[in-house]
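Data first, discussion second: the structure below is written as structure tokens.
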Amino acid sequence: MSLRLYNTLSGQVEELKPQPGKPLGMYACGPTVYDYGHIGNFRTFIHVDILRRFLKLEGVPLRHVMNITDVDDKIMAKAAAAGQSIGDYTAKYEAAFLEDLKALGIEQPEYLARATENISLMVGLVEKLVERGCAYRGENGSYYFRIASFPGYGKLSKKDLAGMEDGARVDVDEYDKDSARDFALWKAAKPDEFHWDTELGPGRPGWHIECSAMATAYLGETFDLHTGGEDLMFPHHENEIAQSESASGKTFARHWMHIRFLLVEGKKMSKSLGNFYTLRDLLLRGYKASAIRFLLTAVPYRNQLNFTFEGLTEATNAVERLRTFAQRMRTGEFPAGSDASILEATQRAGKNFIASLEDDLNTAEARAAIFELVRLANSSADRGELKQDNIAPILEVLAKFDQVFAVLEDHDDAVTRFALDWAAKENRLNEATPELVAGYSLSPEAIDKLVEERTQARKARNFAHADAIRKELAEKGILLEDSADGVRWHRK
RNA sequence: GCACCGGUGGUGAAGUGGCUAACGCGCUGGUCUGCAAAACCAGUAUUCGCGGGUUCGAUUCCCGCCCGGUGCUCCA
């Protein structure tokens, strides 16, 4: 295995390798659980998942940690507005986040690290930074990191400190910092504000310190890989490096992977532009989880992806084609023997698939390798050239593909049902399309029954009745396919 | 303003200093089908934003311009 991955720190594509005899340690910046996750969040998490799954496929042992930020200013404000404790408030969104991961086929990391469960680690780290002279206590009781004490500041985001003059922007309550660029490690509680009573005084941790403290606790002072969305590069990751390396005197993460933002309909996704979508929004509009996942991997992680509803439809069709093909390979009847050129092409597809991913996770090329195999196998099957013994190797390549892309196995029905149940509970069923609601009001058994009725009508050559049933089902998003060995139905 | 990334067919896009510029989706025609669907076959960019340069040769490297996006502030 030799995964070459772009490293933001060096600005170059470098081999990603664990330390000898150790699992690969990776820390993924996770969500702040103050609301439902949106597709931009999930593009990042899906690409980290692609990386994770690919490493596993290549047999690399992993120690993957993801933080859950369950305390910050936004959470405190929202919880207060809802009249809830921050724990009650975040529990709902953390659960939703984990459900969404599952819906999208994103594997859970080995460890989830909650900020609120690791406060003492953060306090310890701040104390250490104070001891080392890299941090100081402001008049209001907050603690700040002194950027001037860390010469390497800016090395990740390639920022030139000279261009960042003091005083350009100063927040109202930040008057007690020595320099405007210094950032908070610990925020002192205002009267009646939620806080922890600690050696640093009553307060809560700053955002950056949580990742430094937890990454170090789970993975050590130096570890292999740190991931996150491109926006986190500065200031979040830059600050993590400053804190961690000041405290340990060692390199923090060796390799940094940043996932590019996606665009929605050509613009940055934002609530004000009205192009802001959560996973659940899309599911209620009738899009399948597999299509969403597939679309989000269409463009390699370092390129911008333009997310559109058209693209979602395209992805739906592409996934359907792959599934139809997998089904044909699994259940089709083929003549005995083996065709050497097909076998050769299968092996080539498998190799190209792996080689593309090894090349900085080029998901677009990896998919192309699979589609080439699909076309070749389908056309040779139509010509009668595909033989029994060609099937196993093809299925093996498909299995590898699916271990990384995870779209062949069909969980879409269950996921959509889950989303509809959730919408019903939240009183948001009106957001679901009528077709979707109608389609899911039919149980699979009821659909089977209608399909059977149509089959009988066809046998009796009563095509008018048969077509009426097909039309009725189509209006509920259920499509039929007549084949030699029966009728297959699937949802649009 | 400063910094970074990108502009490839109807569309989403991959890629490369020189073979017929991948792959997906769409569209048109055909095979198959009671009709469809699925699958397959054929067609669908003499050309990679514009101008200049380097080179025997550039879509690919360099410079300028135009356009889009992003970061510099909470944000995946």
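By convention in this document, chain letters (A, B, ...) are assigned in the order of the sequence lines, proteins followed by strands, and residues within each chain are numbered from 1. Nothing here was measured: the structure is a model prediction, and the numbers come from that model.
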Determine the contact category for A:Asn378: base if any of its heavy atoms lies under 4.0 Å from a base atom, sugar-phosphate if only primed atoms, P, OP1 or OP2 are that close, otherwise nothing. sugar-phosphate
Does A:Lys268 make a side-chain N or O approach to OP1 or OP2 of B:G71 shorter than 4.0 Å? yes
Tested for side chain to side chain donor-acceptor pair (under 3.5 Å) against A:Glu452, the lone hit among A:Lys449, A:Arg454, A:Gln456 is A:Gln456
Between B:C4 and B:U16, how far apart are the two C1' atoms, rounded to whole Å? 24 Å
For B:G12 and A:Asn306 - does any side-chain N or O of the residue sit under 4.0 Å from the phosphate oxygens OP1/OP2? no
Quick one: label A:Ser379 by what it contacts on the DNA or RNA (base, sugar-phosphate, nothing), any heavy atom closer than 4.0 Å. sugar-phosphate
Which base, if any, makes a Watson-Crick or G-U wobble pair with B:C2, both distances under 3.5 Å? B:G71
When the P atoms of B:U44 and B:U20 are compared, how many Å lie between them, rounded to an integer? 16 Å
So which of A:Leu62, A:Ile106, A:Val404 actually passes side-chain contact (heavy atoms from CB on, under 4.5 Å) with A:Arg52? A:Leu62
Please check if the number of heavy atoms outside A:Glu409 that lie under 6.0 Å from its CD is greater than 12. no
With P as the reference atom in both, quote the distance from B:G30 to B:A37 in angstrom, rounded to an integer. 13 Å
If we call it a pair only when both distances are under 3.5 Å in a Watson-Crick or G-U wobble match, what pairs with B:G43? B:C27
Pair partner, B:U54 [Watson-Crick or wobble, under 3.5 Å]: none
Is A:Asn362 close enough to B:G15 that one of its side-chain N or O atoms is under 4.0 Å from OP1 or OP2 there? yes
Hey, does the Lys NZ or Arg CZ of A:Arg321 hover above the aromatic six-ring of A:Phe371, less than 6.0 Å from the centre and inside 45° of the axis? no
Taking any heavy-atom pair under 4.0 Å as a contact, classify A:His236: base, sugar-phosphate, or nothing. nothing
Base of B:G34, side chain of A:Arg458 - is there a donor-acceptor contact under 3.5 Å? yes
Give the nucleotide from the list B:G34, B:G15, B:A39 with an atom nearest to the side chain of A:Asp467. B:G34
Would you classify A:Leu480 as touching base, sugar-phosphate or nothing, given that sugar-phosphate means primed atoms plus P, OP1 and OP2, and contacts are heavy atoms under 4.0 Å? base
For A:Leu104 and B:A76, give me the distance from atom CG to atom C1', rounded to whole Å. 14 Å
Name the closest nucleotide to the A:Met269 side chain, picking from B:C41, B:A14, B:A76. B:A76
Rounded interatomic separation in angstrom, taking CD from A:Glu310 and P from B:G24: 18 Å
Remember a base hit wins even if backbone is also touched, and classify A:Leu479 as base, sugar-phosphate or nothing at under 4.0 Å, heavy atoms. nothing
Could you give the distance separating B:C35 and B:G69 at their C1' atoms, to the nearest angstrom? 48 Å
If you measure from the C1' atom in B:A22 to the same atom in B:G15, how many Å do you get, rounded? 7 Å
Is any side-chain N or O of A:Asn303 closer than 4.0 Å to OP1 or OP2 of B:A14? yes
Assert yes or no for the condition that the ring centre distance of A:Tyr144 to A:Phe183 is strictly below 6.0 Å. no
I'd like to know if A:Asp35 reaches the base of B:C75 with its side chain such that a donor and an acceptor end up less than 3.5 angstrom apart. no
Within 45 degrees of the axis of the six-membered ring of A:Tyr6 and under 6.0 Å from its centre: does A:Arg302 put its NZ or CZ there? yes
Between A:Arg321 and B:G24, is there a side-chain N or O to OP1/OP2 distance below 4.0 Å? yes
Considering only the C1' atoms, how many Å lie between B:A3 and B:A42, rounded to the nearest integer? 50 Å
So if I take every side-chain heavy atom of A:Ala318 and compare against B:C40, B:C25, B:G34, which nucleotide ends up nearest? B:C25
For A:Asp73, which contact category applies under a 4.0 Å heavy-atom criterion: base, sugar-phosphate, or nothing? nothing
